[in-house]
Amino acid sequence: MRYAPLLLVALAWEAAPRLGLVRPDTLPPLSAVAQAWVKLLLSGDLARQGLASLEDLVAGLGIAIVVGIALGILMAWYRPVEILVNPLVRALYPLPRSALIPVMILWLGLGAASKIASVFLGCLLPVVLSAYNGARGVDHVLVWSALAAGASRRRVLWEVVLPAAMPEILAGVRNALALSFILLVAAEFLIGQRGLGYLISFLGEGGVYDAMFAGVVTVSAVGFFADRLYLMLMGWMLRWRE
Amino acid sequence: MSALLRGLARWASLLSLFVGWEILARAHVFSDFLLPSFSAVVARLATDVASGDLVLAVGLTLYRALAGFALAALAGVAIGILIARLPLARWFFDPLVSIGLPMPKIAFLPIFILWFGVFDSSKILMAAFSAVFPVIVASWAAAEGVERAMLWSALSLGAGRRQLLWEIALPASLPQIFTGLQVALPISLIVEIVSEMAMGGEGIGGTIITEMRFADSPGVFSGIIAIAIVGSILVKAMELIRRWLLVWHAEAQPV
């Protein structure tokens, strides 16, 4: 019942081109898009390009998460790192991250490396800032009592600061996840070669619009379910909290 | 004193970034093509600003991004408040928004090209479409969170429905709505630049891509610096507007 409006939208999508309200070549009916999707699936294109996208996304986002958390916590934990890095982070934060894609192409060429680097650079700062804010917000009493109880600084970092900063870090990573999709698809539009973004723009330029719509629906669905899955993971990782 | 130190550290670290860049480039660790020297990039920036090309390109991008943002702000606030107040609107929009918010809207770019072409309207609508969802969600939550007691006391003092909306509900939800707008503005700029890169034509995104194709790396770097400056100014401006609009609010009071 909750998703009934979606059914309405789907019906309108099917009916509008069939009734001649819009031209079928600008909006192919939903049934044609579904057929095109099945054809893409059976030909293996969808799986091949999807896997290629997934590879680049996971690599870029994964490196951004690891480096970002490390850098953010170091910033909160060691004064010199903070003094050195924090102003840079703040100065670079407002830069519209998509502007870096051409530089990555200049540096790394038209290939997977540029896509991975674009995703990495785009996602790094949100993770750094969330880890920094999370680690800075850790209750000092927790840190002092762990130190007083004889824990080494390294252990305090791993067993007190990191878990306490986790809620904020996970929220930052969720932002980074959304950004990573934007950057990857944008990079695939511009670089081509492989990936779902490339598939969509390739089909669009070839005028195969029913398949192009199928590709757009696929990317949207993947983005949506990735976010839902991540929310579940987040709930599971924070299950120890009240 | 510590504020002064922080200010110094801020400039020192930016300065050392630029100096490091210059030294790295001058030492020819990388070729001039990969890393033009900072001074060459600044010189290029100055020439392009003086010739008016850069001002025109950045201005066009800014106009499109802000137009898209304005559309997203108007539609987003209206839809958000409708959802909070009309059960029918909530029934219809709730599933659409819950799917639309996390969806990578950038994938719709080829559809926007198909529907609206590769010129202004297409680029503006693309930015608006990408930025509208955070505004809807923020306004919805804000309108829902307005304290009942405040509405009741206004009603009992004789306020009409229209006054209730304009003088109580909207100002009370303004801080949260504004937070949504502060999320939406950078998104519209990011998406605007991608659209320009993909569709080509005038505007800083298209300019940078053309320069990249001609292997004109000082041009690419100066374009990025220009857009970085614009991005910082926009973010700062939003903060200032927020402070100015919410002077009356508790968040503006000194702690």
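Chain identifiers are assigned alphabetically (A, B, ...) following the order of the sequence lines, protein sequences preceding nucleic acid strands; residue numbering begins at 1 within each chain.
Within the 4.5 angstrom heavy-atom criterion, no atom of A:L177 approaches chain B. Interface residue A:V9: only side-chain heavy atoms are found under 4.5 Å from chain B. At a 4.5 Å heavy-atom cutoff, B:S195 makes no contact with chain A through either its backbone or its side chain. With a threshold of 4.5 angstrom between heavy atoms, B:V220 approaches chain A through side-chain atoms but not through N, CA, C or O. Contacts between A:A186 and chain B at a heavy-atom distance below 4.5 Å involve backbone atoms as well as side-chain atoms. Contacts between B:F30 and chain A at a heavy-atom distance below 4.5 Å are absent for every atom of the residue. Contacts between A:D25 and chain B at a heavy-atom distance below 4.5 Å involve the backbone alone (N, CA, C, O). In this structure, chain A has heavy atoms under 4.5 Å from both the backbone and the side chain of B:I111.
Here A:F213 is the residue among A:F213, A:F181, A:F225 with the most heavy-atom pairs under 4.5 Å with chain B. Between chain B and the options A:I83, A:T26, A:V185, heavy-atom pairs under 4.5 Å are most frequent for A:T26.
The closest donor-acceptor contact from the side chain of A:Y209 to the backbone of A:P24 lies at 3.5 Å or more, if one exists at all.
Between B:F108 and B:F112, the ring planes lie perpendicular to each other; the angle is over 60°, past the 30° to 60° tilted range. Aromatic ring orientation, B:F18 versus B:F38: parallel (interplanar angle below 30°, classes split at 30° and 60°).
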